[in-house]
Amino acid sequence: TQSTRPQRMLAAVQKNATRGDPRSVVKAIDQFCRQKEWAMNVGDEKGCILDSVVSEVNPATVLELGTYCGYSTVRIASLLPPHAKLITLEFNPDNAVIARQVIAWAGLEDKIQLVEGASGDWIPKMKEEFGVKTFDLVFLDHWKDRYLPDTKLMEECGLLRKGSILLADNVICPGTPDYLEYVRNSPRYKSQYFKSHLEYTKVEDGLEKSVFLG
Ligand SMILES: O=C(NCCCCc1cc2cnccc2s1)c1cc(-c2ccc(F)cc2)cc(O)c1O
Ligand SMILES: [Mg+2]
């Protein structure tokens, strides 16, 4: 039977990356996506911006919305301090199966909790299910029409504190116009746009970094 693109991506990781070496996992996926098949990982160019924000925030608690195959999950977790935790949500069970294996190959299982399901269902349960108080950093990379409602939901559920950072992928392509308008005009956020390109292409895209002011 025909393999899927995530399965072929995992095979490339297992062939070309070193077990326990997150950077080699990231490199193997980027090579696969540049040389073989495009895939919707945040990619190397936006990935460097992601790295710099993670390093600057040095978060103890991270929420990632949208795991896909675990590329950004591994990129973020490889930069976290000891004892820091990353919770990542994935809606597609087939992608979750692949992501768990990519995360395992990188040797980062202890820092990452992959949860399957929809953000709208899980966000209200974060505190009771995972003992989370607030998130220091949230990486939004899931359904583009859920960025705004889920941000409002996180506010309502008390998951953001003064200084929490939201970093959103794809604010230009595919685009998240209602989210951008909100974080750029709300007095409760200080927003900054990092111009870049859609992963592995010359098409414009960028990341929006927004600080919650409380
Ligand atoms: O759709 C994108 N990512 C979201 C997949 C949503 C799955 C989930 C929903 C959900 C709900 N709750 C919890 C967890 C989750 S995970 C996406 C698409 C492109 C793209 C595709 C074609 C194109 F021509 C140009 C850009 C580029 C990107 O970087 C992307 O991230
Ligand atoms: Mg994305």
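Read the numbers this way: they start at 1 and go in the same order the structure lists the ligands and their atoms. None of these values were measured; they are calculated from a predicted model.
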Assess N170: does it contribute an N, O or S atom lying under 2.8 Å from the Mg ion (ligand 2)?
yes
Of the protein's non-hydrogen atoms, which lies at the shortest distance from atom 22 (C) of ligand 1, and what is that distance?
W38 CH2, 4.2 Å
Testing the basics here: between [X] and [Y], what is the closest heavy-atom pair and its distance to 0.1 Å?
X    : Y    : answer
G158 : T134 : O-CG2, 3.5 Å
Y71  : D30  : OH-OD2, 2.7 Å
Y179 : L140 : OH-CD1, 4.1 Å

For [X], take its heavy atoms, then give the atoms of ligand 1 lying under 4.0 Å from any of them.
X    : result
E199 : 27 (C), 28 (C), 29 (O)
P174 : 18 (C), 19 (C), 20 (C), 26 (C)
N170 : 27 (C), 28 (C), 29 (O), 30 (C), 31 (O)

Distance-only N or O hit between ligand 1 and W143, under 3.5 Å
no
Under 3.5 Å between some N or O of ligand 1 and some N or O of T67?
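Checking ligand 1 against T67, no N or O pair falls under 3.5 Å apart.
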I'd like to know if [X] pairs up with [Y] as an ion pair, taking the criterion as any Lys NZ or Arg NE/NH1/NH2 lying under 4.0 Å from an Asp or Glu carboxylate oxygen.
X    : Y    : result
R161 : D136 : yes
E116 : R100 : yes
D21  : K27  : no
D141 : K144 : yes

contact_flag G117 ligand 1 heavy-atom lt 4.0 Å:
yes
How is the N/O/S atom of D169 that comes nearest to the Mg ion (ligand 2) named?
OD2
What's the atom name of the N, O or S in D141 nearest to the Mg ion (ligand 2)?
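Nearest N/O/S atom of D141: OD1.
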Is there a protein heavy atom less than 4.0 Å away from atom 24 (F) of ligand 1?
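No, there is none.
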Yes or no, since that's all I need: does a protein heavy atom fall within a distance strictly under 4.0 Å of atom 28 (C) of ligand 1?
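At least one protein heavy atom is under 4.0 Å away.
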Is the cationic atom of K152 (NZ for Lys, CZ for Arg) positioned less than 6.0 Å from the six-membered ring centroid of Y182 and within 45 degrees of its normal?
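Yes.
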